[in-house]
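Okay, so here's the structure we're looking at.
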There are 2 protein chains.
Amino acid sequence: MIYSSELIKGTLKTIVLKLLADNKKMYGYEITQKVKELTGDKIQITEGALYPSLHALEHEGLLTTETEFIGKRVRKYYSLSPTGKVKTKEKVSELSDFMDTMKALLNVDTANPAVTTIK
Amino acid sequence: MIYSSELIKGTLKTIVLKLLADNKKMYGYEITQKVKELTGDKIQITEGALYPSLHALEHEGLLTTETEFIGKRVRKYYSLSPTGKVKTKEKVSELSDFMDTMKALLNVDTANPAVTTIK
DNA sequence: AAATATACATTGGTTTCTTATGCATTTGTG
DNA sequence: CACAAATGCATAAGAAACCAATGTATATTT
């Protein structure tokens, strides 16, 4: 099972930033594989989504890059800039909070808000 | 605090369906208020997003409508169709599962997948 | 040798939402 | 009582974010 693609919207950049926070440096293809691996194939990041996203993050100043050659093949590593590290914490925490709120929404019987003070 | 708007993307229809599953019938404005209430103002559904979404769900055959007059003001109630009920269960369960997967992604140290078999 | 995996990238199109606008009625407040 | 705010519907133009497809090239597996 793979999640319908609209769910990933809005979460991609945060996922990428989080991976880079844990792994120092990664290249595009590696990121797609890592996400597949970590989610048991449930989340597949397409290249058409990833590369533009990486480029955007770089232009925003959150990522820095270094190119490496493996034989004749290029490999472009991305790392978090200092700003990127700060921003990553913010975005990860926001997304995490959002997930909690959504989980609460989906699990509660919304007909009766009860004393369900969602934090 | 309000979540940055891109996070809501892809989840709106599911939220609406879930609310209708619990509350039999609701009208548009009521839905926006309910979501605000249930999420402590963290999620604000704009009308420009909601109404087109409701219309789409109706055209997809998931919702039925009945119009009521409160004084001179129109109120349009939406309810789940039989198909809608089935679809709602699917979508709620998918989104819930997705939230779990995302939470796991964000909380784990992705540098070391460990024995973290994400269910 | 051929298929698959690795590795980058762009382009056109769609979906989904935001912002803004518009209209009308009802309720609350100074 | 006048005005603001809330209630309630709706649409339209534009932006954002992604997908599917395509392109190029090298490396590895069968």
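Quick note on labels: first sequence line is chain A, next is B, and so on, each numbered from 1.
Note on A:G28: only backbone sugar-phosphate atoms sit closer than 4.0 angstrom, heavy atoms only; bases stay farther off. Within 4.0 Å of B:G71, counting heavy atoms only, lie sugar-phosphate atoms of the nucleic acid but no base atom.
You can see that DNA chain D meets the heavy atoms of chain B within a 4.0 Å-exclusive cut from D:dA6 to D:dA16, reading 5' to 3'.
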Handout entry: side chain to side chain donor-acceptor pair (under 3.5 Å) evaluation trace for A:Y3 with B:T101
Key = CA-CA 10 Å; A:Y3 299 120; B:T101 301; 2.5 Å; yes
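Heavy-atom distances to DNA chain D give each of A:I45 and B:E30 a nearest nucleotide, and the one nearer the 5′ end belongs to B:E30. Residue B:L50 is the one, among B:E47 and B:L50, whose nearest nucleotide of DNA chain C lies closer to the 5' end (criterion: closest heavy atom).
Listed by first and then second residue, the side-chain hydrogen bond (donor to acceptor under 3.5 Å, both in side chains) pairs that reach into residues 82-94 of chain A are A:E94-B:S4, sequence neighbours excluded. Sorted by first and then second residue, the side-chain hydrogen bond (donor to acceptor under 3.5 Å, both in side chains) pairs involving residues 7-21 of chain A (not counting sequence neighbours) are A:K13-A:E60, A:K18-A:D22. The ring-ring contact (aromatic ring centres under 6.0 Å, His included) contacts involving residues 32-81 of chain B comprise B:Y27-B:Y77, where partners must be two or more places apart or lie in separate chains.
By the side-chain hydrogen bond (donor to acceptor under 3.5 Å, both in side chains) test, B:S53 pairs with no residue at all, sequence neighbours left out. The side chain to side chain contact (heavy atoms under 4.5 Å, CB included) check on A:S79 picks up A:K25, A:T64, A:E66, with sequence neighbours excluded. The side chain to side chain contact (heavy atoms under 4.5 Å, CB included) search around B:I70 returns B:E68, B:R75, not counting sequence neighbours. Remark: A:K103 pairs with B:D100 by the salt bridge (charged side-chain N to carboxylate O under 4.0 Å, His left out) rule, at least two apart or across chains.
For the helix from C:dA1-D:dT30 to C:dG30-D:dC1, the angle separating the two terminal helix axes comes to 30°, with each axis derived from five pairs and the value rounded to 10°.
The distance between atom NZ of A:K34 and atom P of C:dA7, rounded to the nearest whole Å, is 14 Å.
Within residues 8-18 of chain A, the residues that place at least one heavy atom under 4.0 Å from DNA chain D are, in residue-number order, A:I8, A:K9, A:G10, A:L12. Across residues 83-92 of chain B, not one residue has a non-hydrogen atom less than 4.0 Å from an atom of DNA chain C. Of the residues in residues 55-69 of chain B, those with a non-hydrogen atom less than 4.0 angstrom from any atom of DNA chain D are B:H55.
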